[in-house]
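I have placed the structure first, in the form of structure tokens, so that the comments after it can refer back to it.
Note on naming: letters A, B, ... go to the chains in the order of the sequence lines (proteins, then strands), and numbering restarts at 1 for each one.
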Amino acid sequence: MVNDFEKRFVKARKEYIRAQFTHLNEMQQQAVLATEGPLLILAGAGSGKTTVLINRIANLLRYGKGGDSEELNEYADAAALESLEKGDENADFYAALDPVEPWRILAITFTNKAAGELKERLERMLGERANDIWACTFHSACVRILRRDAEKLGFSTSFTIYDTSDTQSLVKRILKDMELDEKMMPPRSVLAEISRAKDSRIGAQEYLSQARASSDFRRVKIGEIYVEYMRRLFAANAMDFDDLIFFTVKLLEENDEVCAYWQRRFRYVLIDEYQDTNHLQYLLASLLSGGWGNICVVGDDDQSIYKFRGATIENILSFENEFKGCRTIRLEQNYRSTSHILDAANAVIRNNIGRKGKELWTNKGSGDLVSVQVADNENDEAQYVASSIMANYGQGANWRDHAILYRMNAQSRPLENAFKRNGIPYRIVGGTRFFDRAEIKDVLSYMCVVATPEDDLRLTRIINNPPRGIGAKSIETLRTLALENNTSMFGIAADADSYAELRTASIKLRLFASMIEELRDFAKKNSLEALLDEILDKSGYLRALEEKDNEENRDRAENVRELKSSIVNYVQETGDDTLEGYLANIALYSDLDNYDREADAVVMMTMHSAKGLEFPWVYIVGMEEGIFPGTRCIGEHEEMEEERRLCYVALTRAEKHLELVCARQRMLFGSTTANRVSRFVDEIPAEHVKKNIPRGYGFSEKPRDLGFAYKSTAQSRHSVAAPSAVKAPAPAASTAFALGDSVRHKAFGEGVITKMTPMGGDYLIEVNFEQQGTKKLMLRAAAAHMEKV
DNA sequence: CGCACCACAATTTTT
DNA sequence: TTGTGGTGCG
């Protein structure tokens, strides 16, 4: 039975600690202070969850469980109580109860970028100590755990990581060797099936036996591929993304002392974006937090948009059942958007059934209406967005305050063209990663082979690149021999003389093998940077690029140089100069990590990539049935709900202005379609919308016969912005503006036309602006925003 | 062996 | 529309 003093002390302590977080709202404070036991934070979009996470960690470091415990510490006497009640300079000391060492905190996020931001904000708030907090992704946490004990799983601690394109090629290779048709067994779906199996913790052998028992031919084949896939990965001392988690779980479950070590270590485990975790990640989380039982997850079921990748909303929905004594806190106040935008988003997501239910609110005021705009075609759409952004820029907005979101990467091209011809700086996030470019993959493959010569996949990529006279035939023979002798292709190549089948190629093979051996020696004694130079030189890769001098190869050489600065950068930032460290880092790197929010440029990306970001102006393009929602989701209830969540995510990116744009007619993948306006637009109540839709194009209305009206796109191409003077073909355009004209541009200010070059029925002009410097513009587009002075 | 040409298919993808 | 992979020729 606690006495009055104890009660009073605990109350004073809790109040004192709470008082340190009054800059947060009531719910946020609760989330920060509920440190002990399982906690589920349902955090709506823009509800300040990162702020909560950071303050929560700060609270843990400063006061430990002081704010959430009935226990007293050893100094709890009358003087301490008085100090707490007054809140004097000693109160901090008395309020602390088991303050946590930073290295006992594990904060898991989904992207490197989110992890980086978390670290940065923690460091700003807590200083040096923040560096010892493990703020990382699931995957990088697993790499760190596995680097210590991979040997217990039979891997070497210098294991490498296969990224998506590596695993694709590996499966393709296996399909070929097993004489299976890629049409019947698309590598993508095979990999998806393997991934699903791993998520359910079904190993290759087990999967195969199950498949055989079910006597489903397709599953048996996939099982055989799975077994072979794992065998080859293991032989190459490599893991794929799922393996990192799969094997970490295995390691922890099968090795009590290892498990105990990590469980003892991590007193507090925090997981962000919990709605995007899969089953395996849930298991890992519960294993790691199993020692102290302090697991805090933050998520939003309405923002779950990666179900197609195995994420399961179940993890959130059943969290309260899985973790007994769990507390749940909802963060529903939104600090990001004005209320028309927020109400629009709320209205759309309300159409989903099977969600926890949550209504965001704001006290920011109503702000602008959501604008809906219909363009004639995809080029008009792009030009409309470009014109609108230029108008904003002309009124003092920054380029970087604008984001354009679309459903798929293929939609970026017309936008890119429009931005180019209007001279608007832009950047595209997503698409092909820098590290996925062929030349980068080549050079990295050299590095991988130097690290692990047994890696047949990477070896195959480079053994005849640049050409060394080792042809497809020799490579096949190598592969067969390696299989027969139960060794790697490198092993055979190094010992090529011993095999009669290789007589013609043996010299070249041994030359290649000894080059790799020399590079391995070199790697042991030199820095990463030096190793890269040595590889480029000794392999002749760079020389081959330079010998055939064309634009493409110059680009490639440039990229290779960029790779070098990436290495220098990595070594500088992490202090790690090891080959395997760098290679792992690269595999876990995404294009989003490249996105620099400071650079003043309009940014375009898919709605998926936009998750977690926010912008004053957001344009969502392609708001059409068949695009968004996509054809594949129409009629599929579950998928439509995921699509709607994606829409919710997209809408809630906007802070002040939100524009939804669609086109009556769109050319995509080479063919033209006429789509109705997206149902999501119709789901927004009229009072939040400023519509500019001609009659006959609403989702609920029948599509109108387009007839000949929109056949001639050339006529209407620039009709949104261009005045009639420039609608005429090129010669007429030259009459409106001429070389040497002084002009005033809506966005760029005053300038002089310094150059005019005819180009495809239009003119490429160069204008020397007083403020912005020289810009290259297409005359037709520019004329709409320019006048002579 | 390397290159040129043609058919083919093509959501979304934090790791 | 673009990128990829397979085939056939020099």
Side-chain angles (χ1 to χ4, degrees), chain A residues 108-117 136-143 161-165 167-169 172 176 182-183 186-188 191-192 195 239-245 272-273 275-278 280-281 303-311 378 405-414 416-417 429-433 435-436 438 464-475 505 508 548 584-593 595 605-613 622 626-633 639 642-643 645-647 649-650 666-672:
Chain A
I108 294 179
T109 61
F110 260 80
T111 59
N112 297 311
K113 202 166 100 54
E117 265 168 30
C136 53
T137 63
F138 267 110
H139 298 267
S140 53
C142 288
V143 170
I161 300 167
Y162 272 26
D163 67 20
T164 323
S165 58
T167 56
Q168 287 247 344
S169 345
K172 281 183 188 168
K176 243 178 237 154
E182 276 191 32
K183 299 258 159 53
R188 278 166 137 277
L191 279 163
S195 176
M239 298 189 200
D240 68 15
F241 289 142
D242 295 319
D243 288 339
L244 292 175
I245 298 172
D272 196 9
E273 306 281 14
Q275 75 282 353
D276 291 331
T277 50
N278 60 28
L280 207 53
Q281 287 164 333
Q303 290 191 68
S304 155
I305 54 174
Y306 286 103
K307 212 176 128 221
F308 71 94
R309 280 178 78 230
E378 76 282 357
L405 309 183
Y406 34 75
R407 180 66 242 264
M408 49 193 162
N409 288 120
Q411 287 171 259
S412 68
R413 196 155 303 270
E416 205 172 341
N417 291 338
V429 177
T432 14
R433 279 189 328 160
F435 294 106
D436 279 338
N464 197 37
N465 179 7
R468 317 190 156 81
I470 303 174
K473 201 66 182 271
S474 312
I475 296 174
K508 292 163 186 161
K548 204 171 163 223
N585 173 272
I586 279 188
L588 299 176
Y589 200 86
S590 84
D591 187 66
L592 202 62
D593 301 325
Y595 166 54
M605 63 181 103
T606 63
M607 302 176 198
H608 281 90
S609 316
K611 177 135 154 248
L613 304 175
I627 303 284
F628 185 47
T631 339
R632 283 171 189 75
C633 312
E639 293 188 40
E642 174 134 328
E643 204 80 346
R645 289 193 293 269
L646 182 59
C647 183
V649 168
R666 176 180 301 273
M667 167 125 86
L668 194 63
F669 301 134
S671 58
T672 304

Discussion item. Closest-nucleotide mapping onto DNA chain B: is A/Y306 or A/A472 further toward the 5' terminus? I mean the 5' end.
Written reply: A/A472
Base, sugar-phosphate or nothing for [X]? Non-hydrogen atoms, less than 4.0 Å.
{"X": "A/E639", "answer": "base"}
{"X": "A/T164", "answer": "base"}
{"X": "A/D242", "answer": "nothing"}
{"X": "A/K473", "answer": "sugar-phosphate"}
{"X": "A/I470", "answer": "sugar-phosphate"}
{"X": "A/A114", "answer": "nothing"}
{"X": "A/R188", "answer": "base"}

Worksheet item: Does A/F308 stack onto the base of B/dT12, taking stacking as ring centres under 5.5 Å apart and planes under 30° apart?
Response: yes
Any side-chain N or O of [X] less than 4.0 Å from the OP1 or OP2 oxygen of [N]?
{"X": "A/N409", "N": "B/dT13", "value": "yes"}
{"X": "A/T606", "N": "B/dT13", "value": "yes"}
{"X": "A/N112", "N": "B/dT14", "value": "no"}
{"X": "A/K172", "N": "C/dG5", "value": "yes"}

Worksheet item: A/N409 versus A/Y406: any side-chain heavy-atom pair under 4.5 Å?
Response: yes
Item to complete: Answer with yes or no whether A/R407 presents, from its side chain, a donor or acceptor under 3.5 Å of a partner atom in the base of B/dT11.
Response: no
Worksheet item: Is any side-chain N or O of A/R309 under 3.5 Å from a base N or O of B/dT15, one able to act as donor and the other as acceptor?
Response: yes
Discussion item. I'd like to know if A/R407 and A/E643 make a salt bridge, using a cut-off of under 4.0 Å between side-chain N and carboxylate O.
Written reply: yes
Practice prompt. Take the protein atom CZ of A/R632 and the nucleotide atom P of B/dT11, then report the distance between them rounded to whole Å.
Written response: 6 Å
Worksheet item: Whole Å only: how far is the CG atom of A/N278 from the P atom of B/dT14?
Response: 15 Å
Practice prompt. Mind telling me if B/dT12 is syn or anti? Syn here is a glycosidic angle within 90° of 0.
Written response: anti
